[in-house]
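Below you'll find the structure, written out as structure tokens, and then a few comments.
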There are 4 protein chains.
Amino acid sequence: MTAPLFDPEKPRDRLLSAAARLFHRQGYAATTVREIGAEVGILSGSLFHHVKSKEDILFAVMDRVISAMLDALRAGLATATDPRTRLRALISVELHYLHGPAADATGVLFHEWRALSEQRRAVLLDGRSAYFALWQQVLTEAQTAGLTTLDPTMLRQFLHGALAWTSFWYKPGGALDLEALTDQALTLVLPPLR
Amino acid sequence: MTAPLFDPEKPRDRLLSAAARLFHRQGYAATTVREIGAEVGILSGSLFHHVKSKEDILFAVMDRVISAMLDALRAGLATATDPRTRLRALISVELHYLHGPAADATGVLFHEWRALSEQRRAVLLDGRSAYFALWQQVLTEAQTAGLTTLDPTMLRQFLHGALAWTSFWYKPGGALDLEALTDQALTLVLPPLR
Amino acid sequence: MTAPLFDPEKPRDRLLSAAARLFHRQGYAATTVREIGAEVGILSGSLFHHVKSKEDILFAVMDRVISAMLDALRAGLATATDPRTRLRALISVELHYLHGPAADATGVLFHEWRALSEQRRAVLLDGRSAYFALWQQVLTEAQTAGLTTLDPTMLRQFLHGALAWTSFWYKPGGALDLEALTDQALTLVLPPLR
Amino acid sequence: MTAPLFDPEKPRDRLLSAAARLFHRQGYAATTVREIGAEVGILSGSLFHHVKSKEDILFAVMDRVISAMLDALRAGLATATDPRTRLRALISVELHYLHGPAADATGVLFHEWRALSEQRRAVLLDGRSAYFALWQQVLTEAQTAGLTTLDPTMLRQFLHGALAWTSFWYKPGGALDLEALTDQALTLVLPPLR
DNA sequence: TATGAATGAGATTTCATTCAT
DNA sequence: TATGAATGAAATCTCATTCAT
């Protein structure tokens, strides 16, 4: 479901992958290019044959996730027709990115947003907007279908926050697998009939 | 409801307050001690008359919020008896801290957690645990009362995430006031009967 | 024998005494005026009502020892007539200052000499020269009397070094008292006949 | 006899050598990393490419001398059999290090000992102990052979002090060469028969 | 005299980035 | 491409000293 973001064959991708790991673990500001170099097995000076700057790395990592998530969400929604299934796809994509193979990069996208310069943020905003436009659409459908009484925009923010925050506490591989977590999140938004 | 965290009479408090503002706006790593000094009207060297290090400032800010939120939550729960009201108090305290006069410091507590050294994090964890123990208790009561079917621990994480995330999108002073936002969040957790 | 260098009744003397203690223990450069203040029970800013600068303190401490040692040596030599006794007086004064009540100040004089600015060093050199002129005289007498074959100047340097170094290893109050140490040093310079 | 401590081909060694020179001339505390950089022809920031901290430099310098002196003393004693010759080797090694090509580093080792943090001092103490164990051994032999009546430990301290102090007054290149100085020191310890 | 807040110069250190080899 | 030495700007922090109260 989540295609690998980085190709281990390509040196530049190995670099991005290692950087994402460190950025996620320690934060962007707290990670030095030396550490990135060490993680990938080269010296810091050599990094700059692959990227123009440290911020470039951050940008590239985020860009990859954004595109991939957008593709994944489109694919997920393509086969889902009823509002409940579509809403589940929304959550499922988000959680698979946050905790699957792309977890590091996704965590970076969600939590290091401010480390990016404003200009670069603006560039990424396009892809991000497209992604959230799909959310908005699905949530509006849910409201129209009477599944929720909450305003779609507000529900979007609440849900996005709740899911983004899972990266601080949810550890895959435990008792609760991703599918179960997805169900729980779905329950939060669409409680069972009473 | 939210007593002021910092006393403008005390130089050290002025410093902490200014630092919280900048940390919240720009992030801890992106804020220099020079900027903090400028914000409070002294030279950067003079900061260290009041604190031992930059990290000391971060720690002090967080410590203040933690104590204050704990007090506020205790006070809020003291007068609330039925599960629904108690749950509302939970949300209300959180949102008042996130968007009221203590917004900067609270934002820092929520979003700059990782900037703190591990040892210092451990010190703060005590106060934080007491706070979340109250959450756990209230949410368990709600579940017992049949207000929700979600596991209290999971509901706590979801709700905390959803609320914490509001600091990225909710701006007080707009069409939606804090009370209304609180109601919306309450609706998310306890949907109206259908 | 070693009159107290500092009068505990006088605030300035208390300050000098405390500073000597710290300078001796930690070195001049490694001691801050804050620490000196703390040691004497005032804040660092208040120090400067008693002295003009930190270096002033160092200078005053050294000045006191130099005068006192000169007086003590003169007194010690006044009653000694034969070369051996006079030589013993030389050593005795030195060791009593290095390990008696004036130990801190004397240690500072011996080992923090370079921390003083060149100009101030020059000022102190006068008193110091008078002291060493006495040494030179006594050692010359000893050579004339056939007690040693070493050149007086060289012997002076060797002996002074050996004694100065005791401040790094000799601890009074142990098995070896000051008199015994003095005898040992005397044995070094004037070995028993064989 | 005294193999060069620092290899001028290696940047790090050039740095250590320059630092030793400055530390010896001005003292560790009074020397800035800027000066060290200037002395070696790089900017101060570049120093930290080669060492982790200023104290690191001090440590490295001392470590080098300690190892080299230990080797030199072992070599010097290896060919010396009779107690007098062995004692002369002791003094000779010390004086050659104090005034030969390694003078700066040795002076730093002897006189800036306290500038090192306690932990680091402890690390160096091992090598230093081995060196002084050889002294102790040789001086004990001398005592056994009836060359001196002084306790070996005390003689060691006296002699070490007397020699260490030469770095404050003896200037090679004058009328008295190193061999002559060595003989004088030997005379101090083992006076000619009378 | 004492306080305590502030100064301001300067110290060490960090680190992304460059560049000759 | 990789290395490793160096840059240089800027960061945090130290600390003797001043001064209004």
Side-chain angles (χ1 to χ4, degrees), chain A residues 10-12 14-15 19 28-37 40-58, chain B residues 9-12 14-15 28-37 40-58, chain C residues 10-12 14-15 19 28-37 40-58, chain D residues 9-12 14-15 28-37 40-58:
Chain A
K10 298 184 186 162
R12 188 170 192 270
R14 278 203 304 276
L15 193 165
Y28 172 78
T31 302
T32 70
V33 293
R34 256 194 220 220
E35 288 172 305
I36 301 174
V40 75
I42 58 176
L43 290 184
S44 69
S46 312
L47 282 185
F48 295 88
H49 292 290
H50 302 282
V51 295
K52 273 222 288 273
S53 69
K54 184 185 172 190
E55 209 201 334
D56 241 44
I57 303 178
L58 182 61
Chain B
E9 297 295 310
K10 298 186 185 159
R12 187 168 193 269
R14 281 203 301 278
L15 191 166
Y28 172 78
T31 302
T32 70
V33 293
R34 258 182 160 80
E35 287 172 305
I36 300 174
V40 76
I42 58 176
L43 290 184
S44 69
S46 309
L47 285 185
F48 296 90
H49 214 271
H50 305 284
V51 296
K52 275 225 286 278
S53 67
K54 185 186 171 190
E55 207 201 331
D56 237 45
I57 303 177
L58 182 61
Chain C
K10 299 184 186 160
R12 189 169 193 269
R14 279 204 303 278
L15 193 165
Y28 172 78
T31 302
T32 69
V33 293
R34 256 194 219 218
E35 288 172 305
I36 300 174
V40 76
I42 57 175
L43 290 184
S44 69
S46 312
L47 282 185
F48 295 87
H49 291 289
H50 302 282
V51 295
K52 275 221 289 274
S53 69
K54 184 187 173 189
E55 209 202 333
D56 242 43
I57 303 178
L58 181 61
Chain D
E9 296 295 309
K10 298 184 186 161
R12 189 168 192 269
R14 279 202 303 277
L15 191 165
Y28 172 78
T31 302
T32 70
V33 294
R34 258 182 160 82
E35 288 172 305
I36 300 174
V40 76
I42 57 176
L43 290 183
S44 70
S46 309
L47 286 185
F48 296 88
H49 214 270
H50 305 284
V51 295
K52 276 224 284 277
S53 68
K54 186 187 171 189
E55 207 202 331
D56 236 46
I57 303 178
L58 182 62

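Quick note: numbers below take in every heavy atom, side chains included, and nothing from hydrogens, waters or symmetry partners. Numbers restart at 1 for each chain; the letters A, B, ... are given by sequence-line order, proteins then strands.
Put simply, CD1 on C:I36 is 8 Å from P on F:dA16, counting in whole angstrom units. Computed from coordinates, the B:L43 CG to E:dT7 P distance equals 4 Å when rounded to whole Å. At whole-Å resolution of the value, CD in C:E55 and C1' in F:dC15 are 15 Å apart. Look at CG on C:L58: it is 14 Å from C1' on F:dA16, rounded to the nearest Å. One atom, CZ of D:R12, and another, P of F:dA5, lie 11 Å apart when rounded to the nearest Å. In this structure, B:K10 atom NZ and E:dG4 atom P are separated by 14 Å, rounded to whole Å. As a whole-Å value, the separation of B:E9 CD from E:dA5 C1' is 15 Å. The CD atom of B:E35 sits 11 Å away from the C1' atom of F:dA11 (whole-angstrom rounding).
Distance check: B:L47 CG to B:L15 CG gives 5.0 Å after rounding to the nearest 0.5 Å. To the nearest 0.5 angstrom, C:I36 atom CD1 is 9.5 Å from C:I42 atom CD1. Put simply, NE2 on B:H50 and CZ on B:R14 are 8.0 Å apart, with the number rounded to the nearest 0.5 Å. Note: B:K52 NZ to B:I57 CD1 = 13.0 Å, rounded to the nearest 0.5 Å.
Residue-level contact check: A:I42 touches the backbone only, with heavy atoms under 4.0 Å from sugar-phosphate atoms and none from bases.
In this structure, A:A30 and C:R34 both approach DNA chain E, and ranking their closest nucleotides by distance from the 5' end singles out C:R34. Where A:G45 and B:A29 each meet DNA chain F at their nearest nucleotide, the meeting point lying more 5' is that of A:G45.
The minimum heavy-atom distance between B:E35 and B:T32, with the atom names listed, is OE1-N, 2.8 Å. Nearest heavy-atom pair across A:G45 and A:H49 is O-CD2, 4.2 Å.
DNA chain E lies under 4.0 Å from at least one heavy atom of each of the following residues of residues 46-54 of chain C: C:S46, C:H49, C:H50.
Side chains of D:V33 and D:F48 form a contact here, defined as non-hydrogen atoms less than 4.5 Å apart.
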Pairing string, 5' to 3', for DNA chain E - Watson-Crick or wobble contacts under 3.5 Å, brackets [ ] where pairs cross, | to another strand: .||||||||||||||||||||
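Residue D:R34 places its CZ atom among 12 or fewer non-hydrogen atoms of other residues, nucleotides or ligands, all under 6.0 Å distant.
Between the side chain of B:K54 and the main chain of B:Y28, a donor-acceptor pair closer than 3.5 Å is present.
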